[in-house]
Amino acid sequence: MNTQNPLPSAWRWSLRYSPIMRVIRGIDERVRRRRLGAQTIAASGLPAPLQKRIAAIVGRTRLHASEQRDIARELISHCFEAIESAKDEPEILASLGDPKTIAPLLRRAAKRKRPLIYQLRRRAAQALLITFGLSILFYGLIAIRFYAGSPTIKTDYMAKINAPILAAPESDKAWPVYQQALIEWYQIEARLVANTLVDPDEQNQLFVHPGPHNLHEIPAGHPDREMTIEAMKAYRPTLDRVIDATRRPMIGMLLSDQTREIQIEGTDRTLTVTSAPSSRSGPLFQTLLPHLGQLRFLSKMLAFDSNIAIEEGDADRAAADIAALLRLSNQVKSEPFYISQLVSSTIYNFAQSQIHRLYVLSPGLLEREHVIELSHLLADARPQSLDMTSERDGFLDTLQRTFTDDGSGDGRMTPEGARFIGEFHRPLLDLGEIPELGMDSWLTQTSTKAAEPLASVLIASRAEQRRVYDELLAATAAAIAQGPQGLPAMWDWDTRMERLQTSPVTNWSPVSILTPSFIKGVSTVFGSQARTDATGVLLAADAYRLDHGAWPESLDLLVPRYLPAIPDDPFEPGASILYKTTPSGPTIWFRGADGDNDNARRVGASTDEYKARSFTRRYSQGFTDIPDADWVVFPPDLD
Amino acid sequence: MKLERELMRGAGPTAVLQLLSRREMYGYELVEALSKRSEGVLSMGQSTLYPMLYNLEAKGLVEAEWRTAGSGRERKYYHLTARGSKKLAKDREAWTALGSAMIALGVVKGAVA
């Protein structure tokens, strides 16, 4: 007979020692041993009542089979001794006792005899069970406390910001004029697109979608150039209204967390504007500021128009456009959002770039009154700080929507807060996405829900969140007051905030989610201040030139009549801005990131120009890419 | 006379240790000896003795060994360990002191020191 097993031997071995077979073998062994215990009693030869009583006692102990058999043997032996001593059956049964009473005693005593490892395992299991039980209890209490909390919205921060806008007369608001101007330009642009604007070489797609590009970007002789200039001239009556509107005290656009689209007649375009605020304002940090991009666009139109004016030698028009840019920058800056400050700075830099361009292309164009007006406007717009009022209000608004309020400014995370944060942030307990297991849906949602109560104990309290935020704002204000040398402190804050953002716990807290890096803002302030000082020197030198017929040989000649004082060089504490004049005009520069005077040497073509302007490279450690060059503010590199 | 349960719980193990200090004994033998020597005062059934023996064994005071007697019957013999001897010595001192105190108080009749 062929006894060869069809399964390969390795498979047989695997099957034999597989976990399931081990379990089956274990059960079988237990049954076998119990059977042996019963057989031991049955084979003892004791009278049936005694056997029955011993079996009842032994069975009730629920001990291991070997322990049961040992007890059975001892009781059997005891009974035989009693029988031999002429004890009768009732007496022996009485001596054996009630199984219900004796079995637990035997069980407890026998278990105490078990080896140390068993005792340790038992204690460990008990400890684990107790710990688990206490954890469940503790988590239950946390959950009750968590779900009992709810936020109280006491302050309508959006209404607070909108209040002065609503209170102001319409004549104080520039936004209606800006909005109409944008609509009118989009209509002109639609007609331009329909008519021409085809790149003859089909290389430069810039003109296919025309806009207020800097004029020098459109090559001379290009068919789109004249057409775009003509379109811009046709637009000038509208732009005049924009220039007038920049004199109004405020932009005056009502803030809302909702937007709507205005269909622009005669085009397929729409203009996004904020909807009227509802009676119950949404979260301030979700406030939409679509007008900022639109105002930036409008500022390019003004810059474009000033370029045309410079080419035409129209000093009044060029100065009016640049002055409007400076006023627009101030209007945007008056909106107390961090992002508004950054956009304001961009517009401010547009204005200064136009002044620089004007002096390169047409140095004698401006007249005295233009120079004076621009000097005053420039000085007014010189940034002194970052207005973070609404940034902070937005943060406080988020706190009131996410934390409880104990009346003294403190509180803990609420279920509404957890859901609120969860809407735009990853879950507190992030299991990742494993679509094939459905983990991106059911499991993730369930785990997130189950982990939510943890937020009330893990996430720092409301007071702590506010404390850290206010500390950061205070540090930002202090850094601006200190000057560029204060930047390293801001870097330290950035590192601290980065730690909060990457920690598995604190990355879920409002202070780490809603706090942007303010370094860019602070650096922008310093950059704008320096650029303003340089432009101020340029205008002062031009005022001198208008009086004396030549550029001043040194800055000392400008003080105090044309300049209150010679500006500092922020790249070298105690040093002044650098100036020289040549037959072609003045050169105004700072020492740049390397801190030394390289006699107005610009960075090489292979080096990014921003590196020479970098205060971070000047005052923070660890940078190796510091160009051996200066920051030449004037004349600009127009290429 | 039978001792109350709490009193038996204290006296029983010492009595068993004392009996085993003389020679090794098996369960039935212990039951009989306790009954005879204490004139029934410390007599206990299997329901009390065996859990007590297992506890003493768990504490390392006694050890047990299965052996086959001359009759061919299996018996589990218990004997005192070194630790059991020490424990018994301590218990003796304690019971002696207790007895003296009880005599002094007049709870137990005997010669007053």
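Order of the sequence lines fixes the chain letters, A, B, ..., with proteins taken first and strands second; residue numbering starts at 1 for each chain.
- One finds the CD atom of B:E57 at 13.0 Å from the CZ atom of A:R112 (value rounded to the nearest 0.5 Å).
- Here A:S85 is the residue among A:S85, A:C79, A:A94 with the most heavy-atom pairs under 4.5 Å with chain B.
- Within 6.0 Å of the CZ atom in B:R83, the count of heavy atoms belonging to other residues, nucleotides or ligands does not exceed 12.
- Here A:R108 contributes atom CZ and B:Y54 contributes atom OH; the two are 14.5 Å apart, rounded to the nearest 0.5 Å.
- Within the 4.5 Å cutoff, the side chain of A:H78 has heavy atoms near those of the B:V31 side chain.
- Considering CG of B:L53 and CG of A:L106, their distance stands at 10.5 Å, rounded to 0.5 Å.
- Highest contact tally toward chain B, considering only A:K111, A:K87, A:R114, is held by A:K87 [criterion: heavy-atom pairs under 4.5 Å].
- No more than 12 heavy atoms of other residues, nucleotides or ligands lie within 6.0 Å of NZ in B:K59, so this atom counts as exposed by the packing criterion.
- Contact annotation for A:R107: neither backbone nor side-chain heavy atoms come within less than 4.5 Å of a heavy atom of chain B.
- Not one N or O on the side chain of A:S77 forms a donor-acceptor pair closer than 3.5 Å with the backbone of B:R75.
- A 6.0 Å sphere centred on OH of A:Y118 holds more than 12 heavy atoms belonging to other residues, nucleotides or ligands.
- Summarising the geometry of A:A109 relative to B:P51, their closest heavy-atom pair is CB-O, 3.3 Å, with the distance given to 0.1 Å.
- For B:E32, the part lying near chain A is the side chain, with the backbone staying farther off; criterion is any non-hydrogen pair under 4.5 Å.
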Test side-chain contact (heavy atoms from CB on, under 4.5 Å) applied to A:E74 and B:W66, step by step: CA-CA 9 Å; A:E74 189 149 27; B:W66 279 103; 4.1 Å; yes

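- Of the two parts of A:D70, the backbone and the side chain both hold a non-hydrogen atom closer than 4.5 Å to a non-hydrogen atom of chain B.
- Looking at A:L75, both its backbone and its side chain come within 4.5 Å of chain B, counting heavy atoms on both sides.
- Heavy atoms of A:I71 lying under 4.5 Å from chain B belong to its backbone as well as its side chain.
- Counting heavy-atom neighbours within 6.0 Å of B:R73 CZ, excluding the residue itself, gives a total above 12.
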